[in-house]
Amino acid sequence: MLFDFDGTLGDSIELIVASTRHALSTVVGIEVDDRAARAWIGRPLREVLEEQHPERAEEILAAYLEWNLAHHDELIREVPGVPELLDALHAAGVRTAVVSSKRIETVRLGLDVLGLSGRLPDVVGQEDTTVHKPGPDPLLLAASRMGVDPSECVYVGDAVVDVAAARAAQMAAVAVTWGAGTPEDLRAAGADELVDDVPALARVLGVALPG
């Protein structure tokens with residue numbers, strides 16, 4: 001089982017949106033609404049900024065990272081039931097890993113704050129591939145490291161690019177609705193399953209939560 005981090009394992013959407021709005025407002029004087037900021041989630045921020053604001057991308061990215069790190073521990077939230085889900089998967093003998101477009105250091109910081117590091121030691125991050133989601137490369141790398149065929153993997157994510165990456169990698173795509181993507185967009189992207197909470201995700205993944 002492969003998991004995205006932001007908006008999937010951790011409730012970091014408020015943090016990301018606020019960081020994006022702060023950086024764009026501070027550096028280029030642009031106000032963006034939440035939907036626009038959410039639409040960028042799932043891809044490396046540098047790629048998006050180089051497309052949208054090529055002449056100021058580095059400056060915006062620096063402002064984003066400074067604000068994001070300063071407010072990280074304050075704004076990131078646990079997704080209820082995720083620790084129990086991971087424990088149930090491990091008890092069933094299922095291997096797990098994180099595949100994110102964020103830098104590995106930042107993913108590990110989030111895992112530490114949420115108490116998930118011990119449950120998810122294996123992380124594929126931005127530095128590991130040159131092609132990122134919606135391309136399949138990060139997911140295929142994770143499968144290769146685990147020594148399994150991609151067709152035996154499930155990728156769980158919250159964004160349209162997560163679904164697209166899973167389909168490109170020939171993996172099953174499970175989309176959660178508590179993150180960045182809308183149910184309509186996730187369904188249109190071709191998610192195999194759409195779930196609204198962790199208990200529903202556990203059922204789809206074939207494990208039972210305690211209690």
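Note that this is a predicted model, so its numbers are computed, not measured.
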Does atom CD of Glu55 have more than 12 heavy-atom neighbours, drawn from other residues, nucleotides or ligands, at distances under 6.0 Å? no
Examine distances only and state if a side-chain atom of Asp6 and a backbone atom of Ser12 form a donor-acceptor pair shorter than 3.5 Å. no
Using modelled atom types and a 3.5 Å cut-off, is there a donor and acceptor pairing between side-chain atoms of Asp137 and backbone atoms of His132? no
If we ignore hydrogens and angles and just use 3.5 Å, is the side chain of Tyr155 paired with the main-chain N or O of Val99 as donor and acceptor? yes
Test item: Arg56 side-chain N/O and Val28 main-chain N/O as donor-acceptor pair under 3.5 Å: no
Step-by-step side chain to side chain contact (heavy atoms under 4.5 Å, CB included) determination, His53 to Val27: CA-CA 11 Å; His53 305 281; Val27 177; over 6 Å; no
If the threshold is 4.0 Å, N to carboxylate O, is there a salt bridge linking Arg38 and Asp185? no
Between Gly190 and Val163 the two heavy atoms that sit nearest each other are C-CG1, 3.7 Å
Determine yes or no for a side-chain-to-main-chain donor-acceptor pair under 3.5 angstrom, with Arg21 supplying the side chain and Val32 the backbone. yes
Taking it one step at a time, do Val195 and Val156 satisfy side chain to side chain contact (heavy atoms under 4.5 Å, CB included)? CA-CA 10 Å; Val195 297; Val156 182; over 6 Å; no
Asp122 vs Arg145, test: side chain to side chain contact (heavy atoms under 4.5 Å, CB included). Steps then yes/no. CA-CA 9 Å; Asp122 298 321; Arg145 286 181 177 177; over 6 Å; no
Could you check whether any side-chain N or O of Trp178 sits under 3.5 Å from a backbone N or O of Thr8, counting only pairs where one atom can act as donor and the other as acceptor? yes
Quick check on the hydrophobic clustering: are Val207 and Val204 connected, directly or via other members, by side-chain heavy-atom contacts under 4.5 Å? yes
Nearest atoms (heavy-atom pairs only) where Pro138 meets Thr129: CG-OG1, 3.7 Å
Leu61 reachable from Val17 in the ILVMFWY side-chain graph, under 4.5 Å edges: yes
Just to verify, which of Glu51, Gln126, Glu58 counts as forming a side-chain hydrogen bond (donor to acceptor under 3.5 Å, both in side chains) with Arg46? Glu58
Could you tell me if the side chain of Pro150 sits less than 4.5 Å from the side chain of Met171, heavy atoms only? yes
Please check if atom CD in Glu105 has more than 12 non-hydrogen atoms from other residues, nucleotides or ligands closer than 6.0 Å. no
Nearest heavy-atom contact between Asp33 and Ala36 is OD1-N, 2.8 Å
In terms of hydrophobic clusters joined by side-chain contacts under 4.5 Å, are Leu65 and Trp67 together? no
Looking at every heavy atom in both Lys133 and Ser100, which two are closest together, and how far apart are they? NZ-CA, 4.4 Å
Just by modelled atom types, is the Leu75 backbone N or O under 3.5 Å from a matching donor or acceptor in the Glu14 side chain? no
Checking side-chain contact (heavy atoms from CB on, under 4.5 Å) between Phe5 and each of Leu114, Leu120, Val123, which is the one that passes? Leu114
Student check: side-chain heavy atoms of Ile13 and Asp158 closer than 4.5 Å: yes
Keeping the roles fixed (side chain from Ser25, backbone from Ile30), state whether a donor-acceptor pair exists under 3.5 Å. no
Please answer: with hydrophobic residues joined when any side-chain heavy atoms are less than 4.5 Å apart, are Leu209 and Leu89 in the same cluster? yes
Begin from the C-alpha positions of Leu9 and Val79 and carry the test side chain to side chain contact (heavy atoms under 4.5 Å, CB included) through to its verdict. CA-CA 6 Å; Leu9 293 172; Val79 175; over 6 Å; no
Closest heavy-atom pair and its distance - Ala173, Ala166: CB-CB, 3.6 Å
According to a hydrophobic-cluster definition based on side-chain heavy atoms being under 4.5 Å apart (Ile, Leu, Val, Met, Phe, Trp, Tyr only), do Met1 and Val82 belong together? yes
Would you call Pro83 and Glu78 a side-chain contact if the rule is heavy atoms closer than 4.5 Å? yes
Any donor and acceptor pair, going by atom type alone, linking the side chain of Asn68 with main-chain N or O of Tyr64 inside 3.5 Å? no
Considering non-hydrogen atoms only, spot the tightest contact between Thr177 and Pro183 and give its length. CG2-CG, 4.0 Å
N/O donor-acceptor pair under 3.5 Å between Thr20 side chain and Ile16 backbone: yes
